[in-house]
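As structure tokens, the structure follows; a few thoughts come after it.
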Amino acid sequence: MTKATKVSIKQLYKIFGSDPQTALEFAKQGVEKNELMEQHNHVMGLKDINVDMKDGDITVIMGLSGSGKSTLIRHFNRLIEPTDGQILIDGVDVMTLSDDELRKMRQTDMSMVFQKFALLPHKTVLENAGTALRVRGISAKEADAEAIKWLARVGLAGFEEHYPSQLSGGMQQRVGIARALTSNATVMLMDEAFSALDPLIRTDMQDLLLELQKELHKTIIFISHDLDEALKLADHLVILKDGEVIQQGEPQEILLNPSDPYIEDFVSDINRARVLRVRSVMQPLSDSSIKTAGQVDHNDTLESVISHSDGDTTKVYQVMEGQQAIGTICMKDLVRALVPRAPSDDGIRTQTDAA
Amino acid sequence: MAFYDSMFSTLGLQDWCGITKQDGPMTMAQLLAKNKTASEADTSLWDMPFPSLDNLHAACNSIPRTRDMTNGVEQFFLSIKSSLQFVLDPLTQPLSWLLDGAIWLFVATPWWLLISLTIFAVYSVTRTKGAPLLVAITWLFLAFIDHYTYAVQTMAIIFICTGLSVIIGVPIGIAMSKYDRLQKSAIPVLDMLQTLPTFVYLIPLIFLFSVTESKLYGIAIILYAIVPVVRLTDLGIRLVDQDIIEAANAFGMTARQKLLNVELPLALPTIMAGVNQTIMMSLAMVVIASLVSAPGLGVLVLRGINNLELGVGLVSGFCIVILAILLDRVSKAALARVDVSHNNH
């Protein structure tokens, strides 16, 4: 995994209040969020965020409502100004850009998909999809040609002349995605893009996104409050709580080794068999003499291995990557991995309900 | 002896008050007081008069009377009048030309041409059958009872004044929606324009301009009618969905692109509601403006009042009502069309 870092956030702070600079000093000295609120009357939005996003990855930023995830995503294109810190895109600090350069960056390098779609109600689907190109001053004809292409790609061919209000929520969000893709920006920001959709449509849209990503290799920054969605999409998962990153890394890794009771609680009622993959649980190939019951792919889910084994826990499988054997997976390890490390009954989530 | 004499003497202000002879003519109150006997001067606390300017003046000459104050306001206005005139007269002269020109044009156009033109214009704006039909019936009725010329003059004035109100008011409204400070300072002015009794508009204008000039009533009508379009433009732009504004920002729109492609189109229904109100208010004012030589149906109403010609007054009043209904329905039909093309069914 030697992908270049596309977007990087360094020591980012955001403090809301009348005098954020003074409050920033306290925050850097380690004053906690509650204390900052009670004694200085400032709200800590984000605290010391450091995240690197690799080129061509989907980075999912996950947290419950109020954790600062929507605030964070608006920092990437400076819809919200940080109090302190750096936002590097291809090594360029976004904070140093002038208004014109910033506008240019928003037009060409970054596109955004919104939770509430935010389409222009008085423009047709076609005009909406071509927004980014029209804003850049590209002729309507070229913009339309490009927009038609992407609308077809997201499954909306034939709806070009409709108005957004004539479409269902799922279709409107497809327009939102087409609008972002038409801009041809390499970075795509998705702010809870699928949260307003009903579960079946949401799954559809997630599949659509993964399918598009397979070809396009955009750098996608996706905000979500839904762990299932996060695990499905993420190459890199960042978990936010109260404006702080509490764990980040590969989703499988987080699932198996939660570093914090908060995350343990979070991951405790996930269907682990469906999310965990063989490669995360397998033993590296050491003793080739072990008798194996068959071969499984390293990217198979544990669920498929269980169905393969008919529930027999004594079996051992050989793990293959392509044609090469890379390890073994023993059903005992597999079953053990299905049990969360610390299942909790009275966890955080029972108190703070997910929005 | 006035009630407050003792107060000024205890404060040691006799010298300041002076015992100079009163200047100016006697007020009615003083004349009445002269006839009263001296014993009545010792008034009890129960009868204490309010320490108003006039009452205090009775005890102390240095305090001005209320009529001195109103006189002062008048003097102040007269002193700045010539410089105001010097600036405002040439500035507002085009308004006179516009109004006179429009009235002349409307009246000079043959009736059959004007009626068919308005019907066609209304149809192209509203795309309904009802509104042009209403226009046709109204015009034919007015023409039939020989009120056509008056109605046309009124319409010409409304046409020009509403048009100017929109041209001036919409940019002001946009500026107000962009700058909170401007909004804060403009709202009291708008409140004042809206609540000032309509006759009061005319007083300073009569001083400034000659009563025979059309701009006199033009300015009065515009000042009165511009308020709703300014307010509702400001409101409409402020009410545009913030999510959509955020999307516009995220795609790097310039302030100009945002205004023209997002804010104004989305605020248009609200702005049109303001235009509808502006039309109705200029119709209300055009009647009062007949006091200062505005032609049209208002002249007939005024004649009805002045000469006690009951029939003339009532019939022309009725004509104004049907004109109002006409203007309201047509502008609302146009508004409905704007709404529909946004949220397409």
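Below, read A as the first sequence line, B as the second, and so on, with proteins coming before strands; counting in each chain starts at 1. Computed from a predicted model, the values in this text were never measured in an experiment.
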For [X] versus [Y], what's the shortest heavy-atom pair and its separation?
X: R134(A); Y: Q257(B); answer: O-NE2, 4.3 Å
X: F251(B); Y: S111(A); answer: CE2-CB, 4.2 Å
X: V135(A); Y: G252(B); answer: CG1-O, 3.6 Å
X: A250(B); Y: F114(A); answer: CB-CZ, 3.8 Å
X: L79(A); Y: E246(B); answer: CD1-CG, 3.6 Å
X: I244(B); Y: L119(A); answer: CD1-O, 3.4 Å

*Portion of N249(B) that has a non-hydrogen atom of chain A nearer than 4.5 angstrom*: both
*asked:* Using heavy-atom distances under 4.5 Å, tell me whether Q242(B) contacts chain A through its side chain, its backbone, both, or neither.
replied: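 For Q242(B), no heavy atom lies under 4.5 Å from chain A.
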*Give, for atom NZ of K116(A) and atom CG of D241(B), the distance between the pair rounded to the nearest 0.5 Å.*
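Between K116(A) NZ and D241(B) CG, I get 7.5 Å after rounding to 0.5 Å.
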*Nearest-0.5 Å distance, CG of residue N261(B) to NZ of residue K123(A)*: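 Going from CG on N261(B) over to NZ on K123(A), the span is 4.0 Å.
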*If you count heavy-atom pairs under 4.5 Å with chain B, which of H162(A), Q115(A), M105(A), R74(A) comes out on top?*
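Highest number of pairs under 4.5 Å: R74(A).
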*Is the count of non-hydrogen atoms from other residues, nucleotides or ligands lying under 6.0 Å from D180(B) atom CG greater than 12?*
yes
*Around atom OH of Y179(B), are there more than 12 heavy atoms of other residues, nucleotides or ligands at under 6.0 Å?*
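No, because the 6.0 Å sphere around OH of Y179(B) holds 12 heavy atoms or fewer from other groups.
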*For residues T131(A) and M253(B), determine if any side-chain heavy atom of one lies less than 4.5 Å from a side-chain heavy atom of the other.*
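Yes, side chains in contact.
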*asked:* Is R78(A) in contact with chain B via its backbone, its side chain, both, or neither, using a 4.5 Å heavy-atom distance?
replied: neither
